[in-house]
Amino acid sequence: MSSTEVVTRFAPSPTGHLHIGGARSALFCWAYAKRMGGRFMLRIEDTDAARSSDESARGIMEDLAWLGIEWDDGPRLDLPGGRVIGAHARDIEGGYFQARRVNIYNREIERLVQSGHAYPAFEGSEELDAQRKAATAAKQTYRYPRPADITPGVFNADRWDRAQRGEAHVVRFVAPHEEILVADRVLGDVRIAPGELDDFVLRKADGFPTYHFAVVCDDELMGVTHVLRAQEHLANTPRHVALQRALGFRTPEYGHMPLIFNLDKSKMSKRDKAKAARAALKSALQKDPSLSPVTLAAGMGADSSQVAAFIAGENDSLDIAARAGAYLGITLPEIEVADFRANGYVPSAITNYLALLGWNPGVKTPDGKDLEKFDMPYLAAHFSLERIGKTNSVFDRVKLASFNQDALAAMSDAEFAQGWLAWMRTYRPQEAARLAGDGSPARMERFTLLAGAVKARAKTYADALRPAGFALCDDDGYTFDPAAVKKNLHADDGKGLSLLRALRPALATLEDWSPGPIHAAIEAFAGAHALPNIGGIAQPLRVALAGVAVSPPLGETLTILGKDSTLARIDRCLASAG
RNA sequence: GGCCCCGUCGUCUAGCCUGGUCUAGGACACCACCCUUUCACGGUGGGGACAUGGGUUCGAAUCCCAUCGGGGUCACCA
């Protein structure tokens with residue numbers, strides 16, 4: 001590694017799935033490193049022993065990999081298909097999981113204590129909470145009061161001995177009394193006045209470092225040159241700068257990115273899913289008085305007392321929220337990358353949209369429009385700190401959906417069919433089996449035709465199931481929409497119905513059962529019956545085949561159904577509506 | 001409340017640094033029309049913003065100040 005090489009890092013704490021905001025941070029860090037010809041690092045900040053888990057760390061890495069955000073340095077990840085990420089990571093003492101680096105932090109802590117820049121403190125957290133509460137009640141800003149026996153720059157042997165003898169303690173920083181300037185690459189110079197910092201904790205009673213301390217040590221020891229993170233960390237940065245000075249470390253370049261919010265300006269959080277599910281549950285109960293939490297729980301396959309508690313707002317169980325969403329047929333708001341993936345978004349649309357949330361290439365297309373559509377290589381080649389905005393932004397799912405729709409539309413029919421099927425096999429196995437069966441060439445040919453017919457009508461893979469509905473039910477497994485029947489079959493003295501009856505033999509005798517000939521046959525039929533256009537027969541046919549007057553073009557629809565199903569459905573419709 | 005950050009269409013933004021070319025451009029959404037066998041796709045057009053008030057200047061979305069508004073942060077979470 002040369003001394004000028006840029007090193008950025010994304011450092012999630014493994015306490016859940018990868019949040020969409022975290023994905024944006026990772027994307028910007030990745031893009032900047034690539035742009036500068038440097039390295040992008042992934043570090044796992046698992047110093048909160050109670051909340052961290054290895055499954056979560058693995059999940060976050062898989063989500064990053066799925067998005068195409070690959071790290072040069074960090075844990076090794078082996079993916080199905082032989083893909084490996086982090087295979088050429090730099091070998092760093094202690095590795096990339098903070099929990100396994102505790103001896104390193106302890107070494108640095110001791111150095112700080114010996115030089116009089118840190119000291120053990122013995123107050124319990126209840127005691128401090130009480131002090132904080134009292135200060136808040138008195139409308140005072142609480143700052144930890146430095147004990148009288150602490151002198152900056154002087155080693156306190158007394159306290160160190162007590163700590164060494166095993167007395168419960170934390171280690172606190174001797175915060176400097178001076179102005180601290182952070183030269184932020186996004187926000188410009190940010191200053192905080194002397195005395196704003198108090199003696200914050202560096203090492204917790206359980207022996208793990210706090211976030212502040214671990215971050216400062218790791219960024220130095222791992223050679224991080226640029227710290228790009230969300231603006232919520234801005235207020236922490238002076239602490240980090242002060243610590244770096246006390247430890248004799250470099251100060252990396254900082255850049256704080258704007259925050260991402262919901263449409264209602266609230267912070268995007270996984271609790272939003274619980275909120276949406278709860279609202280849906282409540283409105284279901286209100287609309288249908290025969291329902292109760294018990295019957296709902298039964299339908300959801302969940303414990304009724306838990307469901308009742310969930311509705312009452314006593315818990316925000318993600319499991320119950322997911323079950324409620326599935327049971328009531330509503331889509332919960334996507335918050336985590338895994339949610340978008342499950343709902344059928346593609347990585348290229350997500351990363352493109354995310355890149356535009358807080359950054360802009362500032363380039364016009366030849367026809368004078370802002371350049372908005374670009375891929376990962378473009379980002380890697382053009383990303384710049386200067387063009388990161390300062391203002392917080394609202395996450396607009398509707399625009400993301402539009403990007404996703406465009407991404408799907410840009411695929412060839414074969415590509416779309418492949419992606420759609422892969423998604424379906426994971427998230428909708430029943431539908432996958434129904435539409436593609438064993439994946440034999442004959443089945444795939446028909447499936448690809450369906451995929452092509454549905455592609456322009458879908459915003460996501462999940463959404464593509466909607467226009468494919470006619471192919472997902474049995475020939476007698478759908479109902480005829482009364483309004484559609486009335487309008488297209490019964491109106492005008494049953495004209496639609498008699499046309500449909502007359503069409504049947506024409507279709508039954510059609511030899512070449514493929515889109516072109518089928519469409520030609522229907523057109524010929526319309527001409528022979530003096531219809532102004534084929535709508536007069538097309539709409540009744542649609543009602544017969546799908547139950548509603550909406551379907552993809554008829555040539556495709558009939559081909560996908562096959563001749564036998566088509567005739568069976570017409571017969572059933574004639575019998576039912578005639 | 002203290003400290004810090006931010007303020008262009010409903011939303012994401014271009015323009016701001018280097019005042020005039022801005023009767024403020026684009027995208028998503030919305031509306032209308034066209035295309036069309038339906039639903040979509042596509043095409044054309046439309047409504048829609050410089051938070052407010054003061055300065056500076058011949059001239060301010062662009063520079064300065066104030067006000068108002070929004071956000072972040074004040075843990076032995078990260």
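The figures here come from the full heavy-atom set of this structure, side chains too, leaving out hydrogens, waters and symmetry mates. Predicted, not measured: the structure shown is a model, and the values here were computed from it. Numbered from 1 within each chain, the chains take letters A, B, ... in sequence-line order.
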Do other residues, nucleotides or ligands put more than 12 heavy atoms under 6.0 Å from the CZ atom of A:Arg271?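 12 or below, so no.
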
Name all residues meeting the ring-ring contact (aromatic ring centres under 6.0 Å, His included) criterion together with [X]; count only those two or more places apart in sequence or in a different chain, and write none if there are none.
{"X": "A:Phe447", "answer": "A:Trp420"}
{"X": "A:His226", "answer": "A:Tyr32"}
{"X": "A:Phe395", "answer": "A:Phe340, A:Tyr353"}
{"X": "A:His240", "answer": "A:Tyr211, A:His212"}

Rounding to the closest angstrom, what is the interatomic distance between [N] and [M] at atom [atom1]?
{"N": "B:C22", "M": "B:A29", "atom1": "C1'", "answer": "24 Å"}
{"N": "B:G2", "M": "B:C63", "atom1": "C1'", "answer": "30 Å"}
{"N": "B:G45", "M": "B:C39", "atom1": "C1'", "answer": "23 Å"}
{"N": "B:G46", "M": "B:G26", "atom1": "P", "answer": "10 Å"}
{"N": "B:C68", "M": "B:U52", "atom1": "C1'", "answer": "7 Å"}
{"N": "B:U8", "M": "B:G15", "atom1": "C1'", "answer": "9 Å"}
{"N": "B:A27", "M": "B:G42", "atom1": "P", "answer": "12 Å"}
{"N": "B:C9", "M": "B:C30", "atom1": "C1'", "answer": "12 Å"}

Separation of [X] atom [atom1] from [N] atom [atom2], in whole Å?
{"X": "A:Leu357", "N": "B:C28", "atom1": "CG", "atom2": "P", "result": "16 Å"}
{"X": "A:Ile260", "N": "B:U11", "atom1": "CD1", "atom2": "P", "result": "16 Å"}
{"X": "A:Met257", "N": "B:C12", "atom1": "CE", "atom2": "P", "result": "17 Å"}
{"X": "A:His240", "N": "B:C4", "atom1": "NE2", "atom2": "P", "result": "18 Å"}
{"X": "A:His256", "N": "B:C6", "atom1": "NE2", "atom2": "P", "result": "13 Å"}
{"X": "A:Ile534", "N": "B:C35", "atom1": "CD1", "atom2": "P", "result": "16 Å"}
{"X": "A:Lys373", "N": "B:A27", "atom1": "NZ", "atom2": "C1'", "result": "8 Å"}
{"X": "A:Asp481", "N": "B:U38", "atom1": "CG", "atom2": "P", "result": "18 Å"}

Report each atom pair, protein N/O against N/O of nucleotides 40-45 of chain B, whose distance is under 3.5 angstrom.
residue, atom, partner, partner atom, Å
B:A40, O2', A:Ala456, O, 2.7

Using a cut-off of 4.0 Å on non-hydrogen atoms, how would the nucleic acid contact of [X] be classed: base, sugar-phosphate, or nothing?
{"X": "A:Pro552", "result": "base"}
{"X": "A:Ser551", "result": "base"}
{"X": "A:Pro258", "result": "nothing"}

Just to verify, what does [X] make a side-chain contact (heavy atoms from CB on, under 4.5 Å) with, not counting sequence neighbours?
{"X": "A:Asp48", "result": "A:Ala50, A:Arg51, A:Ser52"}
{"X": "A:Ser498", "result": "none"}
{"X": "A:Lys364", "result": "A:Asp370"}

Measuring from the side chain of [X] (C-beta onward, heavy atoms only), which nucleotide among [options] has the closest atom?
{"X": "A:Ser402", "options": "B:U8, B:C28, B:G26", "value": "B:C28"}
{"X": "A:Glu196", "options": "B:U37, B:C3, B:C12", "value": "B:C3"}
{"X": "A:Leu187", "options": "B:C6, B:C12, B:U37", "value": "B:C6"}

Considering heavy-atom distances to RNA chain B, does A:Phe403 or A:Arg191 have its closest nucleotide positioned more toward the 5' end? A:Arg191

Let me spell it out: for each of A:Trp359 and A:Gln140, pick the nucleotide of RNA chain B with the closest heavy atom. Which residue's pick is nearer the 5' end? A:Gln140

Does anything in residues 513-534 of chain A form a side chain to side chain donor-acceptor pair (under 3.5 Å)? List the pairs, not counting sequence neighbours. A:Asp512-A:Ser514

Anti or syn, where syn is a glycosidic angle within 90° of 0; which label fits B:C30?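 Judged by the O4'-C1' to base torsion, B:C30 sits in anti, the angle falling more than 90° away from 0.
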
State, yes or no, whether a side-chain contact exists between A:Val363 and A:Phe374 at a heavy-atom distance under 4.5 Å.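 No, every pair of side-chain atoms sits at 4.5 Å or beyond.
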
cation_pi(A:Arg239, A:Phe173) dist<6.0 Å, angle<=45: no

Given that both distances must come in under 3.5 Å, which nucleotide forms a Watson-Crick or G-U wobble pair with [N]?
{"N": "B:A32", "value": "B:U44"}
{"N": "B:C3", "value": "B:G72"}
{"N": "B:G19", "value": "none"}

Counting primed atoms plus P, OP1 and OP2 as sugar-phosphate and everything else as base, spell out the protein contacts along nucleotides 71-78 of chain B at 4.0 Å heavy-atom distance: B, S or - for each nucleotide, 5' to 3'. SSS-SBBB

So which heavy atom on A:Lys204 is nearest to which on A:Thr47, and how close?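 A:Lys204 and A:Thr47 have their closest heavy atoms at NZ-O, 3.1 Å.
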
Closer than 4.0 Å, any side-chain N/O of A:Lys399 to the OP1 or OP2 of B:A27?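 Indeed not, no polar side-chain atom of A:Lys399 lies that close.
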
Looking at A:Arg387, does any N or O in its side chain come under 4.0 Å of the phosphate oxygens OP1/OP2 on B:C16? no

Going by heavy atoms closer than 4.0 Å, what residues in residues 520-529 of chain A are next to RNA chain B? none

May I have all residue pairs that pass salt bridge (Lys or Arg N to Asp or Glu O under 4.0 Å) and include part of residues 253-263 of chain A, sequence neighbours excluded?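 As it turns out, the salt bridge (Lys or Arg N to Asp or Glu O under 4.0 Å) pairs with a partner in residues 253-263 of chain A, which skip direct neighbours, are A:Arg185-A:Glu253.
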
Is the distance between the ring centroids of A:Phe383 and A:Phe28 under 6.0 Å?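 Centroid distance A:Phe28-A:Phe383: below 6.0 Å, so yes.
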
